[in-house]
**Student:** 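Just dropping this structure here.
First the proteins, then the strands, lettered A, B, ... as listed; each starts at 1.
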Amino acid sequence: MTHLVVDAPGALTLVEDLGRPGFAHLGVAGSGALDRGALALANRLVGNPDGAAGLEILIGGFRATFSGDAWFAVAGAWGRARLGGRPVAPYTAARARAGDVLELDPAERGIRYLLAVRGGIDEPPVLGSRSRDTLAGLGPEPVVAGRVLELGPEPATSVPLIDQEAAFPPPADHLTLGLLPGPRADWFTDAARARLFDDAWRCSASTDRIGARLEGPTLDRAVPGELPSEATVPGSIQVSTSGQPTILLADRPVTGGYPVIAIVAPASLDAVAQLRPGQEVRFRHA
Amino acid sequence: MSVRMLPAGHAALLVECDGLAEVLALHDGLARSAPAGVVEFVPAARTLLVGVDPAVLPLESAESWIRRTAAALPGSAAPASTLAAAADPAAGAADIVTVPVEYGGDDLHETARLLGVSPEALVAHHVNAVWRVAFIGFAPGFGYLVSDDWPFEVPRLEAPRTRVPAGSVALAGAFAGAYPRESPGGWRLVGRTDAVLWDAASDDPALFAPARRVRFAAVRP
């Protein structure tokens with residue numbers, strides 16, 4: 001069976017599929033690729049089912065060798081990719097030959113590449129998913145140099161012809177995200193609720209798969225005191241005691257004790273995965 | 001009972017109750033009457049998240065079902081009786097999970113002293129109570145257990161331990177629990193168990209799944 005040998009994982013390379021929904025009541029978040037649309041796109045480009053496991057590669061500086069012939073596609077972050085030293089177009093299916101080396105340079109747009117290989121990454125599933133949950137420590141271990149990743153059997157569907165213009169790279173400048181009302185919006189002052197939409201925010205460098213921290217004005221509370229922990233959904237914007245918002249993502253704690261002022265609309269959530277440190281974020285009503 | 005509906009996106013509602021007893025009663029009531037399209041229930045101390053597939057059960061329909069079910073339940077003026085037993089009167093003893101515990105954790109004597117009882121009496125209360133898993137806390141499978149038979153309110157440690165061994169049986173506030181894996185923690189340790197609290201390879205990964213009834217049994221070292 002063909003496999004992929006990871007020679008250099010870059011900043012952080014994780015095996016991810018579309019996650020493990022339905023275990024929140026046991027304390028396990030959905031996890032899965034942060035940019036779900038990008039994983040689904042990369043999978044479709046090589047004829048995989050949307051939920052086949054691929055690699056989520058943070059920033060780049062990634063290098064891997066194919067042991068045999070295989071179709072692959074890179075989506076999500078936009079940057080220079082080379083196969084055997086020759087450029088590979090992003091968001092298109094390409095065919096690797098045995099011994100070919102795939103290299104991903106640091107991303108120029110966005111920050112998380114999604115690499116799909118025809119057949120999918122065949123790591124043992126945990127609770128029905130091959131996703132690494134970085135908070136709960138579930139699923140395949142983070143990929144280290146030298147790791148050999150088995151590929152699954154080829155799917156029945158052929159590699160399709162898809163117009164590569166169908167997808168767009170992540171924006172280079174600011175990003176505008178749609179928001180839905182949050183369960184605890186009334187815990188904040190009118191001024192804080194207005195500032196959320198009126199002011200510009202910046203993605204903090206300490207953003208990870210658990211949450212995207214935002215830097216900006218302080219969001220003041222109208223209701224002081226502590227909130228008993230309650231369940232959150234992906235995209236919930238919780239506000240810390242010091243007034244700083246964090247967009248909770250796929251590997252978040254299932255329950256949290258900070259009030260949620262708003263929720264990033266599902267249609268905007270993939271874009272959060274591609275936020276770069278320092279990038280400007282604005283919010284609008286979804 | 002009265003409930004407050006809070007927005008939680010396109011595929012969930014967060015239902016706020018007056019307290020934990022109402023959350024548990026509502027959880028049971030909704031679990032018994034769940035229509036198609038209900039994906040999950042995530043209980044917490046004062047809320048219940050109801051996740052739905054909006055293509056099957058629109059949020060408006062889910063909301064009316066939740067309000068109807070809550071209205072049929074006794075209000076908080078009624079005695080919030082028997083968290084554990086009244087949860088599901090049909091459930092027999094066979095549904096109760098028994099967890100063997102070797103009592104004598106690091107904090108057993110100090111905790112008993114704080115509560116003004118002997119260590120033996122504290123253990124007897126712990127063993128004689130029928131517990132119910134109310135909700136999951138900070139780690140996969142870390143259940144918060146409550147019981148009407150448990151009269152104590154246990155203060156957390158002033159300084160949390162940086163390392164609590166897996167299997168530690170512990171108390172905090174009105175809750176009992178057990179650490180499924182080694183982690184930091186501020187609960188008071190009164191014993192340890194060999195029971196498998198979390199097994200990700202199992203179809204039923206958490207021994208302390210919400211709504212499950214639990215008894216602790218003392219075993220010798």
Side-chain angles (χ1 to χ4, degrees), chain A residues 20-31 124-133 135-140 178-187 226-237 248 251-257 259-269 286, chain B residues 4-17 19-20 23 27 31 38-54 59 133-144 173 180-183 197-212:
Chain A
R20 49 179 71 83
F23 293 99
H25 65 297
L26 303 183
V28 176
S31 193
V126 174
L127 298 177
S129 165
R130 295 178 170 85
S131 289
R132 177 64 179 181
D133 182 327
L135 182 71
L138 291 174
L179 294 187
L180 301 170
R184 301 295 175 182
D186 59 349
W187 278 50
E226 286 187 32
L227 177 72
S229 284
E230 59 192 24
T232 59
V233 297
S236 293
I237 302 181
L248 297 175
D251 292 357
R252 72 197 182 285
V254 168
T255 58
V260 169
I261 188 169
I263 299 171
V264 175
S268 287
L269 201 50
Chain B
R4 207 157 76 90
M5 297 287 183
L6 304 174
H10 284 321
L13 286 164
L14 189 63
V15 190
E16 186 173 39
C17 301
L20 180 57
V23 171
H27 186 186
V38 174
V39 175
E40 64 183 353
F41 297 107
V42 189
R46 219 172 60 201
T47 54
L48 178 69
L49 183 97
V50 181
V52 301
D53 176 351
L59 279 183
V133 184
F135 53 87
I136 297 284
F138 52 84
F142 193 112
Y144 280 53
R181 65 169 81 172
E182 184 184 304
S183 66
L197 297 162
W198 176 256
D199 177 8
S202 165
D203 289 338
D204 182 16
L207 185 63
F208 290 169
R212 193 164 279 167

**Student:** Go through P183(A), G182(A), P234(A) and name the one with the most non-hydrogen pairs under 4.5 angstrom from chain B.
**Tutor:**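 Heavy-atom pair counts peak at P183(A).
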**Student:** Counting only non-hydrogen atoms closer than 4.5 Å, does V254(A) touch chain B with its backbone (N, CA, C, O), its side chain (CB onward), both, or neither?
**Tutor:**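 Contact with chain B is through the side chain of V254(A) alone.
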**Student:** Side-chain donor-acceptor pairs under 3.5 Å in residues 5-15 of chain B, sequence neighbours left out?
**Tutor:**
none

**Student:** Given heavy-atom pairs under 4.5 angstrom as the criterion, report whether the side chain, backbone, both or neither of L26(A) touches chain B.
**Tutor:**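 Contact with chain B involves both backbone and side-chain atoms of L26(A).
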**Student:** Listed by chain and number, what are the side-chain hydrogen bond (donor to acceptor under 3.5 Å, both in side chains) partners of D133(A), not counting sequence neighbours?
**Tutor:**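 Not a single residue meets the side-chain hydrogen bond (donor to acceptor under 3.5 Å, both in side chains) criterion with D133(A).
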**Student:** If I measure from the heavy atoms of chain B, does P253(A) come under 4.5 Å with its side chain, its backbone, both, or neither?
**Tutor:**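 Interface part for P253(A): neither.
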**Student:** Is the count of non-hydrogen atoms from other residues, nucleotides or ligands lying under 6.0 Å from D204(B) atom CG greater than 12?
**Tutor:**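 Enclosed.
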**Student:** Between A44(B), A201(B), P43(B), P140(B), which shows the greatest number of heavy-atom pairs under 4.5 Å with chain A?
**Tutor:**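 Option with the top pair count is P140(B).
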**Student:** Quick one: do F23(A) and I136(B) satisfy side chain to side chain contact (heavy atoms under 4.5 Å, CB included)? Show the steps, please.
**Tutor:** CA-CA 11 Å; F23(A) 293 99; I136(B) 297 284; over 6 Å; no
**Student:** Which heavy atom in A24(A) sits nearest to a heavy atom in V42(B), and how many Å separate them?
**Tutor:**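 Of all heavy-atom pairs spanning A24(A) and V42(B), the closest is CB-CG2, 3.6 Å.
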**Student:** Could you look at L127(A) and say if it's the side chain, the backbone, both or neither that has a heavy atom under 4.5 Å from chain B?
**Tutor:**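 Contact with chain B involves both backbone and side-chain atoms of L127(A).
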**Student:** Does any heavy atom of chain B fall under 4.5 Å from the side chain of T255(A), the backbone, both, or neither of them?
**Tutor:**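 Just its side chain gets close to chain B.
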**Student:** Which atoms form the tightest heavy-atom contact between E230(A) and T47(B), and what is the distance?
**Tutor:**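 Shortest heavy-atom separation between E230(A) and T47(B) comes out as CB-OG1, 3.2 Å.
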**Student:** Please report the closest heavy-atom contact between R46(B) and P228(A), naming both atoms and the distance.
**Tutor:**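 What the structure gives for the nearest pair is NH1-CG, 3.7 Å.
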